[in-house]
Amino acid sequence: MELPRPSLVNSVRLKAAAEGRRMIYLLQDTSSGRIFTARREMALALHRLLALRQGRAEARDLITEEDGRELNGFLGVMQHMREQETLGRKPFNPIFAGVPLLEVAPLQPALAGLARAVVRPAALVPVLLLALACLLLGLQSDWQILAAFRNVFSLEALVTFGLIAPVLKVVHEFGHVLVATRLGVPVRKAGLFFIALYPMPYVDMSEADVRVGRRGRIAITAAGIAVDVTVGMAAFVAWHFSAGTYMQTLLGNIFVFSTLNSLLFNGNPLIKLDGYFILSDAIGQRNLYARASGLLTETRRKVATLGRAGQWPRGGGQWAMLAYAVAALLYRINIMVVIAAALIPRHLGLGAVLAAWGAVVMFVSPLLRDRPPGAPADEGFASRRWLSRGLVAAGLAALALFVHAPFRVTVPLSLNVADHYLVTARSAGVLTAGPPTLLAAAPGTLLTLANPTLDEERSLMQADLQGARSVFEAVRSADPAQARVAAEQIANLEDRAAILDAQRDALSLRLTADAVFVPIEGAGRGRFLEPGQPVGIALPRAGDARLTGAFPERYVRLMQNGLRDAELRMAGAYSTVDPARIALVPIPSVDQSAGSRSYALHVTLPRPPAEVMGRPADIRLRFASAPLWRHAQFVAEGVVARYRDNLLIDRVDYLER
């Protein structure tokens with residue numbers, strides 16, 4: 001029996017580790033740091049061979065011919081992979097490529113003091129104080145920094161993210177290095193990952209798999225997330241004390257990047273980053289991603305071939321892994337849809353490029369990174385795969401051409417308070433009494449205003465009118481010309497008195513029907529109201545409720561071509577609405593920034609307005625049907641229209657600066 005060369009055997013480290021309820025065996029090439037998972041038989045044979053190298057001659061009789069062949073085969077593969085890395089024959093992959101830059105292990109002794117000072121329980125105290133400061137500042141400023149999230153997809157924010165992300169990632173990786181140094185784990189290499197040609201720093205923590213236990217690996221992995229959260233909180237505090245628009249924008253973007261990166265990506269267990277490795281170590285499934293992806297592939301093949309290939313999961317554990325794989329896939333798809341929907345309408349071509357880059361990062365690069373090397377090519381399988389893709393493409397084309405579906409739009413509705421139910425002051429005055437918070441009012445006087453100036457003017461007017469009448473009586477028989485002048489003066493004074501009387505009558509706000517009156521905030525006794533200033537809302541207890549909502553301009557043409565039906569959803573209940581009760585009303589104004597017109601949808605609902613009060617409602621409108629390709633065209637037209645609107649809005653904002 002030919003035994004492997006001693007130099008190769010001595011460079012292999014063997015370690016047993018628990019994964020779930022079973023034991024796995026890890027073989028590490030100490031030269032390259034690469035770790036392999038081995039079967040129990042191979043691990044046992046390697047253990048015996050190492051014992052033989054240490055002088056225990058009795059181990060030779062326990063090594064069989066089959067063990068020797070397997071060990072030689074494994075060590076040959078290890079040697080081949082080592083030569084590939086040494087000679088640099090690995091082809092460059094522009095989508096996902098790693099470039100090592102330096103060895104970190106020689107630098108770790110110099111970091112030992114810093115690691116001991118930072119990585120200890122007492123270090124949580126300043127972090128907790130920082131969190132408390134964030135809470136107090138956020139309450140004091142009414143969380144104004146959260147407005148930075150609204151501009152997360154602006155061009156300025158994207159450029160800032162692109163520039164600061166690698167820098168923040170260096171700080172993130174330094175957190176991993178400090179905890180690894182504190183636990184005595186050597187860090188092999190540091191370098192750059194080029195993901196779709198975008199550089200992101202990384203450190204090689206593979207030694208943690210064989211140097212520390214589960215808790216140590218979780219601590220090393222969680223260090224990066226802790227650093228992200230700490231950096232985000234520091235930026236949060238600094239934002240409140242910074243001066244100048246540029247610095248506040250930069251700190252706001254750092255806060256957004258650190259929090260979003262931790263919540264949506266780095267700390268999320270559904271993506272193969274730090275959160276995933278924490279989960280896999282916590283549940284004792286180090287190969288969770290690979291095993292879950294394999295189960296998903298086998299299940300998909302089982303469904304696609306109608307049971308002729310693939311296999312179903314076995315047992316509750318495998319079904320749980322399949323659920324994890326499906327959840328991870330759906331989460332990545334959802335993230336990509338959200339990003340594309342936000343970027344493309346704002347930046348169109350650039351947004352499409354960024355969305356495609358995100359798809360490469362989240363879907364293509366993991367496949368290339370985790371693909372086993374040297375996979376044999378199967379021409380027959382490749383041809384069958386292209387045939388199946390062609391059939392799928394033909395099926396999708398047939399669906400787009402021949403399947404029809406109606407256009408639909410959902411419009412949120414609310415009571416049309418401004419036009420129908422708003423109670424406003426008709427004359428200037430001071431409220432003599434404040435109404436209750438919620439008043440069931442009967443027809444009659446609701447509120448009364450007082451206006452001493454108006455009363456004084458009315459008294460003076462009565463005095464002037466009485467004097468004019470006295471003059472008229474004195475000259476009526478003696479001087480007809482003066483009598484005519486006095487009569488005209490009396491008529492003018494009576495007209496002015498009638499106006500004052502109307503203004504005094506307007507000081508009383510009345511209801512014409514039973515209603516529920518809701519006063520506005522601050523409508524209390526002693527408040528002065530100008531004419532037209534709102535006092536509250538009066539919702540009748542009978543009659544039809546009138547609702548309104550903003551209607552999208554690009555659906556106006558569909559509305560004019562004909563509305564098929566409408567369905568109202570209110571407080572979880574659904575009801576059909578007669579199209580005759582629906583009207584589209586153009587608003588006589590144009591958005592100067594976007595150049596678009598506004599439309600309002602008015603709906604008359606056969607329910608009392610008081611019954612509708614406080615109930616959220618929306619109406620779903622269904623228009624004529626069209627082929628699916630027409631729906632795709634309609635969506636594309638909407639994206640282009642929103643892109644043009646955003647261009648005009650950005651141009652106006654730039655000119656206003």
Side-chain angles (χ1 to χ4, degrees), residues 124 126-169 171-172 175 222 224-271 273-275 331-332 334-347 350-351 354-355 358 362 412 414 521 550 591 593-594 616 642 645-646 649-650 652-654 656-657:
L124 292 176
V127 176
L128 294 176
L129 292 177
L130 188 61
L132 180 61
C134 291
L135 177 62
L136 296 177
L137 289 172
L139 293 174
Q140 183 179 1
S141 64
D142 199 20
W143 304 101
Q144 294 180 5
I145 193 175
L146 298 182
F149 284 95
R150 292 197 293 266
N151 299 322
V152 67
F153 292 112
S154 66
L155 185 59
E156 181 180 12
L158 293 175
V159 172
T160 304
F161 292 156
L163 294 176
I164 67 175
V167 178
L168 295 178
K169 195 67 167 57
V171 181
H172 170 98
I225 300 175
V227 168
D228 287 341
V229 174
T230 304
V231 170
M233 291 191 299
F236 185 95
V237 173
W239 183 88
H240 289 82
F241 295 97
S242 61
T245 304
Y246 172 77
M247 184 56 64
Q248 279 201 333
T249 301
L250 177 62
L251 292 171
N253 287 333
I254 292 176
F255 166 71
V256 170
F257 177 82
S258 296
T259 53
L260 281 181
N261 184 50
S262 292
L263 294 176
L264 298 181
F265 299 103
N266 205 42
N268 193 317
L270 297 177
I271 299 177
L273 294 173
D274 290 347
Y331 180 80
R332 292 197 299 269
N334 178 68
I335 288 293
M336 285 311 308
V337 170
V338 171
I339 292 176
L343 285 177
I344 295 177
R346 285 191 63 88
H347 308 293
L350 177 60
L354 293 175
M362 300 188 70
S414 60
E521 184 178 359
D591 188 344
S593 58
R642 289 197 297 272
D645 293 345
N646 289 324
I649 293 173
D650 292 341
V652 171
D653 292 342
Y654 176 78
E656 288 178 352
R657 291 179 185 178

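In this chain, numbering begins with 1 at the start of the sequence shown. All figures in this text were calculated on a predicted structure; none of them were measured in a lab.
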Next item on the list: Mind running side-chain contact (heavy atoms from CB on, under 4.5 Å) on Val231 and His172 for me, showing each step along the way?
Entry: CA-CA 9 Å; Val231 170; His172 170 98; over 6 Å; no
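Looking at Ser262, its side chain never comes within 3.5 Å of a backbone N or O of Thr259 through a donor-acceptor pair.
Take Phe257 and apply the ring-ring contact (aromatic ring centres under 6.0 Å, His included) test, not counting sequence neighbours, and it matches no residue. In this structure Ser414 satisfies the side-chain hydrogen bond (donor to acceptor under 3.5 Å, both in side chains) test with no other residue, sequence neighbours excluded.
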Show me the donor-acceptor pairs, under 3.5 Å and distance only, between side chains in residues 137-145 and residues at least two apart or in other chains.
{"from": "Ser141", "atom 1": "OG", "to": "Leu137", "atom 2": "O", "distance (Å)": "2.9"}
{"from": "Ser141", "atom 1": "OG", "to": "His240", "atom 2": "NE2", "distance (Å)": "3.0"}
{"from": "Gln144", "atom 1": "NE2", "to": "Ser141", "atom 2": "O", "distance (Å)": "3.4"}

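The two residues Ile254 and Ala235 come nearest to each other via the heavy atoms CG2-CB, 3.8 Å. Leu168 and Ser258 get closest at one heavy-atom pair: CD1-OG, 4.1 Å. Between Ser242 and Gln248 the shortest heavy-atom distance is OG-CG, 2.9 Å. When all heavy atoms are compared, the tightest approach of Phe161 to Asn253 is CE2-O, 3.3 Å.
Side-chain contact check for Val127 versus Val229: every heavy-atom pair is 4.5 Å or farther apart. Leu273 is not listed as a side-chain neighbour of Asn268, based on a closest heavy-atom distance of 4.5 Å or more.
Between the CZ atom of Arg332 and the CG atom of Leu270 there is a distance of 8.5 Å, given to the nearest 0.5 Å. Separating the NZ atom in Lys169 from the CG atom in Asp228 is a distance of 8.5 Å, to the nearest 0.5 Å.
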